[in-house]
Amino acid sequence: MINIKYINFLLAILLLTSCSLTRGLEEEEYLIYDVDLKGVKKANEVKVKQLVKQYPNTRIPVLNFSPGVFIYNMGESSFDSAKLTNKINHYTQKQNELAEELDQNPTNKKAERKLYKYNNRIESIKRKLDYGNWFMRTGNPKSILDSAKTASTELEIQNYLVNHGFFDATISTSIKKEKKKAYITYTVEENSPYLVDSVYTKSSDEGISDFLVQRSKSSNLKSGRPYNQDNLTQERQRLEDLLKDSGYYTFSKSYISYNVYKDTVDKNVVIEQLIRNPSYTNEHKVYTIDSVIFHISTPTEVIQDKSFQRQYGDITYLMYQNRYSEKIIDSRVFIQKGSKYSKTAVLETQRQLANLDIFRFINISFDTTGNQITTRIFTQPNEKYQITNQLGASITEQLPGPFFSHSLRNRNLFRGLEIFEFNFRAGLEGVASATTAGGVYRSRELSTSASIIYPQFLLPFSKQGLKRYGKYNPRTRTLIGYNYVNRPEYIREGFNTVLAYNWATTNQRQQYTISLLDANLIRSNLDPAFEERLVELQEQGNNLINSFQSSYVSSISGQVIINFNQYGLWQRDRSSLWRLYFESGGTSFNLINADYFKDRSLQYFQYLKFQSDFRRYIPLSRKTTFAYRINAGLAIPYGISEGVLPYEKYFFAGGSTSIRAWKPRRLGPGTYTPQTDEEGNFDYRYEQPGDILIEGMFELRRKLFGYFDGVFFVDAGNTWTLRYDPTRPGSQFKAGTFVNGIAVGTGLGIRMDFDFLVLRLDMGIKAVDPAQPEGERFVLDNLSFRSPLGDKGQTVFNIGIGYPF
């Protein structure tokens with residue numbers, strides 16, 4: 001049997017090797033096998049590499065095999081453009097016949113549906129002709145040496161260096177051809193970059209000249225800095241924005257130009273900034289807002305447009321029905337009568353009105369008379385009711401399970417631009433039992449909630465307060481909800497109510513949430529075997545059973561999310577995100593005598609919880625990025641909690657968004673060693689809650705081909721307890737020895753990125769297992785040719801949707 005496995009393995013290697021990338025090339029064709037860039041030391045090497053037009057195909061080392069090319073060739077072998085063209089001609093003929101039939105009988109619905117069907121088929125075939133079939137779109141063709149693209153790359157690198165101050169830079173290209181393979185080397189000699197000696201502005205408009213002199217400190221053009229044409233572009237945009245925010249409505253950056261004078265001896269430049277005047281006048285006008293008119297049209301053409309005109313503050317409202325709060329709208333309009341025109345005020349007005357989710361579109365137009373502007377804001381209401389139903393599968397722990405969700409949205413509930421939301425979700429999942437070894441068991445979940453989102457802080461109510469805070473997109477959210485969970489170990493029902501404030505800064509870099517009330521009433525019904533296990537733990541000094549009793553949990557919390565450089569858009573520039581969270585549970589109980597909580601049927605809790613989650617995204621090249629996440633948390637029970645937290649407030653490690661070499665919520669705490677099963681393997685049936693969490697996740701992501709991305713990752717971290725837990729020796733956090741409890745996992749992953757959806761599969765392998773005896777915790781060497789996945793349970797597969805961070 002073993003011999004057959006080896007034979008199959010060797011045959012697979014031979015098969016892959018036979019698909020050599022150089023097979024089938026024409027006489028003068030060469031496969032690009034390697035591209036190297038040398039000599040870039042002071043310039044941005046990542047940016048320069050992005051200018052290279054051709055790169056080698058992604059290959060499996062040693063085998064000279066490219067999955068992307070293999071998939072593309074599969075599609076190309078069955079791709080017949082002539083056949084597709086004939087199909088288009090056939091469907092076009094049918095289309096013409098149906099069009100003639102409809103001309104004679106316009107009411108023929110059957111012919112109309114057929115015509116629509118043929119239109120769709122023709123469009124689909126045209127897309128296939130342009131972009132190939134699915135295999136061709138997913139894979140990649142062979143990267144064949146193209147001298148024109150090589151020359152274009154050389155020219156673009158040269159231009160980039162010149163535009164960034166390396167006026168004397170030279171670039172040369174060498175191509176080594178060997179056995180149908182081409183090795184390209186771009187060699188750059190940067191020489192010294194030119195520095196900015198001085199900058200001066202010329203303009204016959206004294207108003208603009210004086211204005212720019214007063215604001216020159218924030219200029220992007222500074223003496224002594226290396227010359228960079230990007231700074232000229234940024235400065236033109238800065239001046240346009242600055243002037244448009246100061247009343248210069250008709251000004252644009254096309255009026256700004258630059259002359260750059262080089263001194264080849266001193267290696268510096270002098271920059272002349274020219275501000276031209278319009279051809280029809282000697283100066284640029286400053287415009288003032290004369291009036292603001294807000295139009296709300298009918299939702300559909302079916303409804304007759306009956307306008308109601310009202311004046312609120314300085315804004316005239318024209319509405320098809322008098323049912324929208326002018327007070328709230330006024331707080332989101334920043335174009336003020338009598339003030340100078342401001343581009344920022346216009347954009348902020350559009351953004352904040354869109355944030356209300358009340359209007360389908362917001363268009364702002366301007367009519368000018370002299371230097372006066374009449375502002376008209378045109379809007380149309382969104383549908384009042386919006387219903388969404390979803391049927392799908394979720395992946396939380398072990399296996400995917402089906403779910404159904406329903407949501408209802410009612411806009412402008414009380415005519416104050418409020419939004420009412422009703423949500424219902426029911427789902428099934430496969431989870432491991434904590435009381436029975438082996439197997440996967442059914443977990444049922446049901447949740448429903450009703451919430452109202454107010455487009456303001458409920459306090460203060462004053463008009464001045466609304467206007468002051470409107471630019472921060474303030475929202476007050478009230479919610480009541482019910483949650484039901486039926487797992488093999490327990491049944492839990494929860495009733496909760498929430499009162500929370502949300503707002504964000506105008507640049508969207510900081511988002512804040514303050515929850516003034518988050519109250520939960522929980523009822524529990526434990527499985528006898530699970531309850532017996534919890535009682536056993538309690539007798540040994542572990543009071544985890546209190547977390548599963550019927551209880552009342554209330555808290556106040558605050559969260560701030562700081563988004564640096566639009567993290568999450570996966571752009572080429574570096575970006576990061578930092579989330580800080582604080583929660584105080586049972587705070588009001590400090591005002592109540594402790595004797596009140598004795599002999600009560602409900603369990604009460606007091607605790608403090610902190611969490612910091614930092615994420616960073618660093619592009620290394622056109623196809624490769626490095627990303628990491630550092631997540632740390634601390635939860636401290638006190639007072640009437642008697643050292644126990646609500647179960648939902650504990651920290652857990654392991655799973656698809658944590659340490660991926662361990663099953664969800666099964667890692668740790670610390671160096672605690674789980675019990676073993678009959679075969680001597682660790683028994684991971686029980687979730688392992690902790691009071692302290694420290695974890696880091698590091699990923700090297702690379703674009704492979706088509707929709708596929710590859711990932712190499714290393715995860716490290718664990719949870720710990722604050723106090724000594726006699727039932728879990730080694731779980732307590734100690735400053736001098738906690739490093740010994742850090743688990744390390746590594747592995748490979750693959751993602752299918754469809755833009756609208758990311759599917760991922762990660763294979764995590766335990767590298768350092770703190771549950772093992774000291775001196776035996778490095779377990780990566782358990783992997784071998786005979787055991788490529790290591791010992792039983794050492795490799796864990798995680799399926800997920802979206803990126804882990």
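- Scanning for ring pair (Phe, Tyr, Trp, His ring centres under 6.0 Å) contacts around Y607 gives an empty result, with sequence neighbours left out.
- Salt bridge annotation for E687-R665: present, with a cationic side-chain nitrogen under 4.0 angstrom from a carboxylate oxygen.
- In this structure, P804 and M697 approach most closely via the heavy-atom pair CB-CE, 4.2 Å.
- The closest donor-acceptor contact from the side chain of D762 to the backbone of G764 lies at 3.5 Å or more, if one exists at all.
- Interatomic distance, L634 CG to F610 CZ, rounded to the nearest 0.5 Å: 6.5 Å.
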Could you check Q456 against S331 for side-chain contact (heavy atoms from CB on, under 4.5 Å), going step by step and ending with a plain yes or no? CA-CA 9 Å; Q456 59 176 310; S331 69; over 6 Å; no

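- With E445 contributing its side chain and G427 its backbone, the two residues share no donor-acceptor pair below 3.5 Å.
- With T625 contributing its side chain and I618 its backbone, the two residues share no donor-acceptor pair below 3.5 Å.
- Distance check: I453 CD1 to T476 OG1 gives 10.0 Å after rounding to the nearest 0.5 Å.
- In the displayed structure, K471 atom NZ is contacted under 6.0 Å by at most 12 heavy atoms of other residues, nucleotides or ligands.
- Residues R574 and P619 form a side-chain contact, since some pair of their non-hydrogen atoms from C-beta on lies under 4.5 Å apart.
- Across R723 and G643, no two heavy atoms sit closer than the pair NH1-CA, 4.0 Å.
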Could you check D715 against E695 for side-chain contact (heavy atoms from CB on, under 4.5 Å), going step by step and ending with a plain yes or no? CA-CA 7 Å; D715 303 329; E695 64 180 3; over 6 Å; no

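- Note: Y650 and Y647 have perpendicular aromatic rings, judged against thresholds of 30 and 60 degrees for the angle between ring planes.
- Without hydrogens or angle criteria, K609 side chain to K649 main chain gives a donor-acceptor distance under 3.5 Å.
- The CD1 atom of I562 sits 8.5 Å away from the CG atom of L577 when rounded to the nearest 0.5 Å.
- Rounding to the nearest 0.5 angstrom, the gap separating the CZ atom in F651 from the CG atom in L645 is 9.0 Å.
- Without hydrogens or angle criteria, S656 side chain to G800 main chain gives no donor-acceptor distance under 3.5 Å.
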Show your reasoning for whether side-chain contact (heavy atoms from CB on, under 4.5 Å) applies to T497 and L517. CA-CA 7 Å; T497 180; L517 172 65; 4.2 Å; yes

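- Although no hydrogens or angles enter the test, the distance criterion places no donor-acceptor pair under 3.5 Å between the side chain of S405 and the main chain of F424.
- Checked by atom type, the side-chain pair Q611/N631 shows a donor-acceptor distance below 3.5 Å.
- Counting non-hydrogen atoms of other residues, nucleotides and ligands closer than 6.0 Å to CD1 of I480 gives a total of 12 or fewer.
- Put simply, the side chain of D791 does not reach to within 4.5 Å of the side chain of K766, judged on heavy atoms.
- The side-chain heavy atoms of F652 and L693, taken from C-beta on, include no pair separated by under 4.5 Å.
- The side-chain heavy atoms of D241 and T344, taken from C-beta on, include no pair separated by under 4.5 Å.
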Steps toward side-chain contact (heavy atoms from CB on, under 4.5 Å) verdict (T795, L783): CA-CA 10 Å; T795 300; L783 275 68; 5.6 Å; no

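- Using a 4.5 Å heavy-atom cutoff, the side chains of T506 and R351 are in contact.
- F738 and W720 have perpendicular rings, their planes meeting at more than 60° on a 0 to 90° scale where under 30° would count as parallel.
- Distance check: R660 CZ to L667 CG gives 13.5 Å after rounding to the nearest 0.5 Å.
- Nearest heavy-atom pair, P455 versus L356, reported as atom, atom and distance to 0.1 Å: CB-CD2, 3.5 Å.
- Contact annotation: the side chain of P770 approaches that of N718 to within less than 4.5 Å [non-hydrogen atoms, C-beta and beyond].
- Residue D709 forms a salt bridge (charged side-chain N to carboxylate O under 4.0 Å, His left out) with just one option from K703, R702, R751, and that option is K703.
- Between P669 and Q688, the closest heavy-atom pair is CD-OE1, 3.6 Å.
- Smallest separation of non-hydrogen atoms from Y501 and L458: OH-N, 3.5 Å.
- Counting heavy atoms from C-beta outward, M752 and F708 have side chains that approach closer than 4.5 Å.
- A donor-acceptor pair under 3.5 Å links the side-chain atoms of T448 to the main chain of N423, judged by distance alone.
- A salt bridge does not link E489 to R533: none of the charged side-chain nitrogens sits closer than 4.0 Å to a carboxylate oxygen.
- Residues P474 and W503 share a closest heavy-atom pair of CA-CB, 4.2 Å.
- Between the side chains of T721 and D691, not a single donor N or O lies within less than 3.5 Å of an accepting N or O.
- Side chains of D230 and Q234: no donor on one and acceptor on the other come within 3.5 Å.
- Relative to the six-membered ring of F457, R468 misses at least one condition, a distance below 6.0 Å or an angle of at most 45° to the axis.
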Step-by-step salt bridge (charged side-chain N to carboxylate O under 4.0 Å, His left out) determination, D613 to R615: CA-CA 7 Å; D613 185 353; R615 308 174 183 196; 2.9 Å; yes

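- In this structure a side-chain-to-backbone donor-acceptor pair under 3.5 Å is missing from E421 to S451.
- T746 places a side-chain N or O within 3.5 Å of a backbone atom of F713 that can act as its donor or acceptor partner.
- Put simply, the side chain of R777 never gets that close to the backbone of T671: no donor and acceptor are under 3.5 Å apart.
- Relative ring orientation between F614 and W578 is described as perpendicular, the plane-to-plane angle rising above 60° on a 0-90° scale split at 30° and 60°.
- One distance of note links CD of Q794 with CH2 of W662; it measures 9.0 Å at 0.5 Å rounding.
- Proximity of L722 to I636: side-chain heavy atoms (C-beta onward) are separated by under 4.5 Å at one or more points.
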